[in-house]
Amino acid sequence: MDKLKYKIWTWPENPETFRIEAIREPLYTIADDGTISYDGLSPLCRIISGSGVFQGPEAREHFNALAVIMANGTVGELIHPQWGTIQAYFTGLNMDQDSREDYIAYSFSFREADEKGVIPPLPDYGEKE
């Protein structure tokens with residue numbers, strides 16, 4: 001099986017878990033008289049996350065490479081061998097507590113970007129009327 005890729009970096013081993021969460025929340029407006037009206041759905045927001053382990057003498061190097069790519073802060077192609085390509089920002093990288101020199105347990109998250117490179121707001125953080 002091919003490996004997960006983001007920008008120029010390829011995972012040495014695919015993450016143990018991989019999750020895509022898609023969210024669209026209903027939007028409402030409140031008129032001056034207090035009437036509540038359905039206003040449609042929020043933009044689709046996909047959050048891509050997963051976790052895995054880097055093992056061996058290059059474990060630290062692999063984790064640091066991901067940290068550098070995340071620090072770049074620009075949109076890039078996230079390519080999953082089964083689920084295809086998503087334009088995304090690298091938004092989260094965690095090293096888990098049980099990590100050690102040759103064994104780094106990690107988790108990550110990405111947020112999908114639209115064709116303009118904009119991340120739709122999560123429903124809980126959108127503008128409220």
Would you say that more than 12 heavy atoms from the other residues, nucleotides or ligands in this model lie under 6.0 Å from the [atom1] of [X], or not?
| X | atom1 | value |
| --- | --- | --- |
| Glu13 | CD | no |
| Lys5 | NZ | no |
| Asp33 | CG | yes |

Where do Arg46 and Glu21 land on the side-chain contact (heavy atoms from CB on, under 4.5 Å) test, with the steps shown first? CA-CA 5 Å; Arg46 290 197 299 179; Glu21 179 181 4; over 6 Å; no
Quick one: hydrophobic cluster around [X], which other residues, with the 4.5 Å side-chain cut-off, linked directly or via members?
| X | answer |
| --- | --- |
| Val68 | none |
| Val118 | none |
| Trp83 | Leu4, Tyr6, Trp9, Trp11, Phe18, Ile20, Ile48, Phe54, Phe63, Leu66, Ile69, Met70, Leu78, Ile86, Phe90, Leu93, Met95, Ile104, Tyr106, Phe108, Phe110 |
| Tyr103 | Val53 |

Any side-chain to backbone donor/acceptor pair from Arg100 onto Asp98? Under 3.5 Å, distance only.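 Flag set: sc Arg100 to bb Asp98 pair under 3.5 Å.
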Side-chain donor/acceptor of Arg24 to backbone N/O of Ser42, under 3.5 Å: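 Yes: the side chain of Arg24 pairs with the backbone of Ser42.
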Please report the closest heavy-atom contact between Pro12 and Lys3, naming both atoms and the distance.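 Answer, listing the atom of Pro12 first, then Lys3: O-CE, 3.0 Å.
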Check side chain to side chain donor-acceptor pair (under 3.5 Å) between Thr85 and all other residues, then give those that pass, not counting sequence neighbours.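 So Thr85 forms no side chain to side chain donor-acceptor pair (under 3.5 Å) with any residue.
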For Ser109, all residues meeting side chain to side chain donor-acceptor pair (under 3.5 Å), sequence neighbours excluded: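 By the side chain to side chain donor-acceptor pair (under 3.5 Å) rule, Ser109 matches Thr91.
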